[in-house]
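Structure first, then comments.
Throughout, protein chains are lettered first and strands after them, A, B, ... in sequence-line order, and every chain is numbered starting at 1. Values below: all heavy atoms of this structure, side chains included; hydrogens, waters and symmetry mates excluded.
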Amino acid sequence: MHDIVFIRANPDQFDAAMRRRGAGSVADRIVALDARKREATTKIQQAQSQRNEASKAIGQAMSRGDTARAEALKAEVAEIKASMPEWEEAERVADEELEAILAGLPNVAAEDVPEGADENDNVEVARCGEKREFDFEPQEHPDLGPALGMDFKTGTKLSGARFTFLRGDIARLHRALAQFMLDQQTEENGYTECNPPVLVNDEAMYGTDKLPKFAEDSFSTSVGIDWESFDEIVNEIMPVGSRSELQRDLIREKVRLGVIENKKNRRWLVPTSEVSLTASVADEILDDLSEPVRLTAHTLCFRSEAGAAGRDTRGFIRQHQFEKVELVSICRPEDSEAEHERMTKCAEGILEALGLPYRRMLLCVGDMGFGARKTYDLEVWLPGQNAWREISSCSNTGDFQARRMDTRYRPDGEKRTAFVHTLNGSGLAVGRTLVAVLENYQNEDGSVDIPEVLHRYMGGVTRLERLG
RNA sequence: GGAGAGGUGGCAGAGUGGUCGAAUGCGCCGCACUCGAAAUGCGGUAUAGGGGCAACCCUAUCGUGGGUUCGAAUCCCACCCUCUCCGCCA
């Protein structure tokens, strides 16, 4: 969410920033709506002020027993109030449109974010670790995995495409990775371990900029069936006189199957625990931010992958359900750049401990997410695919989410409040890390060595062997 | 799911139609007393929006959204949340 006061004062600068992010020029429209809204607000407030004064006088007249005076004043108030609905409507209309426009605009990119259209324009800023020399042709994980218990067939049988069933030691290795990541982030890097809900309400999703624009990317849930709204829906589709019992039953069945959505008890499956962790401070005024609030959680994440039809359909890279250890920081504006660097290092530390080669990419404006000011992606080397693949994304959102969530702090010694900055990063995506371990630590016979740091989580198992 | 109770400032808690942004207590800040501290006394202590160079003024906010009324923390409706008991459940 953007600062309307800033847009009002710097419309050209704002337009330039939005054009940079591929949004059109909107400042004129915003400023006009804002002016119209404030005009209406002022009119309403003036009327309210007069009404309040007159009402007070009526109270005084009544207590004196001067009913004639009271009646005269009542007539006066009626006149004052007559003009209000019109202005209230004008305010509502302007405000709704203004909100709709503002909620759909991406964050302003930081100045040091490179220009560019897509991932090809991202800039490599660092590379770490040595690519392993293979004396055989390394396999891709979808070829390697099934013999080790990565069962794509059963996943598909249960849930459809993009679901996988892990069985045996590979399932344990997956858990070990998550445990290790969580331990490192809490023990070494000072993050507080959290275990948040993964089913959240609209407010949490809106505050972390997943709504309203990206509703299609997440799964939503509902509880039971709201039969009262059902009747409304049925009447809308088909007025009472015109429908047969059969048609009514069909509609009823559609509601039951969720074809017609029941919004009443809706909750969202989080696409990332960034949503739960960040929104945990929504509506708060934080007292002390001299040290950033650092939160981490290992949770399931759910994504519809609506925009990725056909991409990465093979393998474990892009699943509807996956696990991730998330890092979130809440800090003062002056600390967020340093915190962004620190957070990225915390994510990199996992790759280094696992001995996985990676590179750090600074995303160009065209490839950045909606809410980000600046983003680093970490890409891990996959020798089987002979490619770098994203395994972490660390973003500074500045005050963009804080404004949506209304999260503030009190700067030292000041009476006023100011918006915090929020940052989020993966430390790391667990499933993709499993893929990286498989491809980087594979042996010619199809077994996979388990990195040393994971041994203490594996109960004596040091290698994944082919099953049966 | 059934029955009941309730949601008021940082916290506790009063307030059932008018001068209530809201008593009182606690906490916090300042001042006085004191060598210093405690105790005591006095004063202050919400957020947001709009207007003004400023002092300051206006408006809104008592879970949320509607409604009744000249006027709503107070009355009515819907929703959300919390607690207690019963039922069910990992």
Side-chain angles (χ1 to χ4, degrees), chain A residues 1-9 30-85 87-92 94-96 98-99 102 195 197-207 221-232 262-268 279-289 300 399 402-420:
Chain A
M1 185 60 68
H2 294 284
D3 181 4
I4 185 70
V5 177
F6 176 85
I7 300 174
R8 210 186 285 156
I30 291 171
V31 170
L33 282 166
D34 176 55
R36 199 189 304 161
K37 180 189 153 189
R38 279 185 302 143
E39 187 200 1
T41 305
T42 303
K43 296 277 188 199
I44 293 165
Q45 291 187 350
Q46 283 168 351
Q48 284 170 330
S49 180
Q50 290 171 14
R51 182 202 63 191
N52 290 347
E53 213 164 302
S55 292
K56 214 173 266 185
I58 290 169
Q60 285 161 353
M62 301 273 262
S63 64
R64 281 199 311 271
D66 185 352
T67 41
R69 173 84 185 124
E71 287 306 319
L73 283 163
K74 278 191 196 182
E76 203 174 293
V77 173
E79 206 167 304
I80 293 163
K81 280 177 66 181
S83 70
M84 286 175 72
W87 288 112
E88 281 167 351
E89 177 66 6
E91 185 191 40
R92 193 186 61 77
D95 190 49
E96 258 174 34
L98 191 58
E99 283 296 308
L102 287 173
N195 192 319
V198 295
L199 223 39
V200 300
N201 59 25
D202 287 5
E203 286 72 26
M205 290 286 278
Y206 176 83
T221 67
S222 59
V223 180
I225 294 150
D226 172 13
W227 291 114
E228 278 160 41
S229 350
F230 164 80
D231 284 330
E232 268 171 51
N262 167 20
K263 288 205 169 131
K264 194 179 170 192
N265 292 304
R266 177 171 69 180
R267 292 207 174 76
W268 299 87
S280 71
V281 296
D283 298 317
E284 309 244 354
I285 297 173
L286 305 170
D287 285 331
D288 179 24
L289 267 188
L300 283 163
D399 64 7
R403 285 179 186 280
R404 289 176 162 243
M405 300 190 300
D406 197 19
T407 302
R408 290 161 294 158
Y409 78 110
R410 235 173 266 283
D412 271 348
E414 292 187 39
K415 205 173 139 50
R416 72 184 179 98
T417 59
F419 290 110
V420 300

Using atom names, set out every protein N or O paired with an N or O of nucleotides 52-55 of chain B below 3.5 Å, distance rounded to 0.1 Å.
none

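- With both ends at atom P, the span from B/U59 to B/G21 equals 10 Å, rounded to whole Å.
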Contact list (N/O, under 3.5 angstrom) for nucleotides 88-90 of chain B vs protein:
none

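- With sequence neighbours left out, the side-chain hydrogen bond (donor to acceptor under 3.5 Å, both in side chains) criterion links A/Ser280 to no other residue.
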Point to revise | 5'-to-3' dot-bracket of RNA chain B (Watson-Crick, G-U; under 3.5 angstrom; crossing pairs as [ ]; | other strand) | key: ((((((((.[[[..)..(.....]]]((((((.......))))))((((((....)))))).[[[[[..)....]]]]])))))))....
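- Rounded to a whole Å, the CE atom of A/Met84 is 9 Å from the P atom of B/G71.
- Taken to the nearest 0.5 Å, the OG1 atom of A/Thr407 stands 8.5 Å off from the CZ atom of A/Phe419.
- Residues A/Val420 and A/Val281 form no side-chain contact, since every pair of their non-hydrogen atoms from C-beta on lies 4.5 Å or further apart.
- At whole-Å resolution of the value, CG in A/Asn52 and P in B/A72 are 8 Å apart.
- Note that OG1 of A/Thr221 is 7.0 Å distant from CZ of A/Arg267, once rounded to the nearest 0.5 Å.
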Residues 2-9 of chain A side chain polar contacts: donor-acceptor under 3.5 Å, at least two apart:
residue : atom : partner  : partner atom : Å
A/His2  : NE2  : A/Pro106 : O            : 2.8
A/Asp3  : OD1  : A/Val5   : N            : 3.0
A/Arg8  : NE   : A/Asp34  : OD2          : 2.6
A/Arg8  : NH2  : A/Asp34  : OD2          : 3.3

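- Distance CD/A/Glu99 to CE/A/Met1: 5.0 Å, rounded to 0.5 Å.
- Rounded to whole Å, the C1' atom of B/G27 lies 24 Å from the corresponding atom of B/G63.
- Across A/Arg404, A/Arg408, A/Arg403, a single residue satisfies salt bridge (charged side-chain N to carboxylate O under 4.0 Å, His left out) together with A/Asp406, and that is A/Arg408.
- Annotation for A/Ala47 and A/Met84: closest pair CB-CG, 3.6 Å, computed over non-hydrogen atoms.
- Put simply, CD on A/Gln46 is 18 Å from P on B/C57, counting in whole angstrom units.
- Taking the P atom of each, B/C35 and B/A14 are spaced 44 Å apart, rounded to whole Å.
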Using atom names, set out every protein N or O paired with an N or O of nucleotides 68-70 of chain B below 3.5 Å, distance rounded to 0.1 Å.
residue : atom : partner : partner atom : Å
B/C70   : O2'  : A/Ser55 : OG           : 3.0

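- One C1' atom belongs to B/G65, the other to B/A72, and the distance between them is 15 Å to the nearest Å.
- Listed by first then second residue, pairs satisfying side chain to side chain donor-acceptor pair (under 3.5 Å) with a partner in residues 42-58 of chain A number zero, not counting sequence neighbours.
- Using atom P as the reference point in both B/C11 and B/G7, the two lie 15 Å apart (nearest Å).
- Closest of all the heavy-atom pairs between A/Met405 and A/Ala279 is SD-CA, 3.7 Å.
- Taking A/Asp95 as the reference, A/Lys37 meet the side-chain hydrogen bond (donor to acceptor under 3.5 Å, both in side chains) condition, with sequence neighbours excluded.
- For residues 72-81 of chain A, every residue pair satisfying the salt bridge (charged side-chain N to carboxylate O under 4.0 Å, His left out) rule, not counting sequence neighbours, is listed here: A/Glu71-A/Lys74.
- Between A/Asp202 and A/Trp268 the shortest heavy-atom distance is OD1-NE1, 2.7 Å.
- Residues passing the side-chain contact (heavy atoms from CB on, under 4.5 Å) test with A/Ala78: none are found, sequence neighbours excluded.
- Taking atom CG of residue A/Asp202 and atom P of nucleotide B/U64, one finds them 18 Å apart after rounding to whole Å.
- Checked by atom type and distance alone, the side chain of A/Arg36 never pairs as donor or acceptor with a backbone atom of A/Ala90 at under 3.5 Å.
- Regarding A/Gln48, its CD atom lies at a distance of 7 Å from the C1' atom of B/A60, rounded to whole Å.
- A/Gln50 places its CD atom 13 Å from the P atom of B/A60, with the value rounded to the nearest Å.
- Residues forming a side-chain hydrogen bond (donor to acceptor under 3.5 Å, both in side chains) with A/Glu96 (at least two apart in sequence, or on another chain): A/Arg92.
- Listed here is the closest heavy atom pair of A/Leu33 and A/Ala94: O-CB, 3.9 Å.
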Give me, pair by pair, the N or O atoms of the protein and of nucleotides 46-50 of chain B that are less than 3.5 Å apart, along with how far apart they are.
residue : atom : partner  : partner atom : Å
B/U47   : OP1  : A/Arg410 : NH1          : 3.0
B/U47   : O3'  : A/Arg408 : NH1          : 2.9
B/A48   : OP1  : A/Arg408 : NH1          : 2.7
B/A48   : OP1  : A/Thr417 : OG1          : 2.6
B/G49   : N2   : A/Gln45  : OE1          : 3.2
B/G49   : N2   : A/Gln45  : NE2          : 3.4
B/G50   : OP1  : A/Arg8   : NH2          : 3.2

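- As rounded to the nearest Å, B/G10 and B/C29 have C1' atoms that lie 13 Å from one another.
- B/G66 and B/A73 have their P atoms separated by 15 Å, given to the nearest Å.
- Comparing the C1' positions of B/G9 and B/A22 gives a spacing of 9 Å, expressed to the nearest Å.
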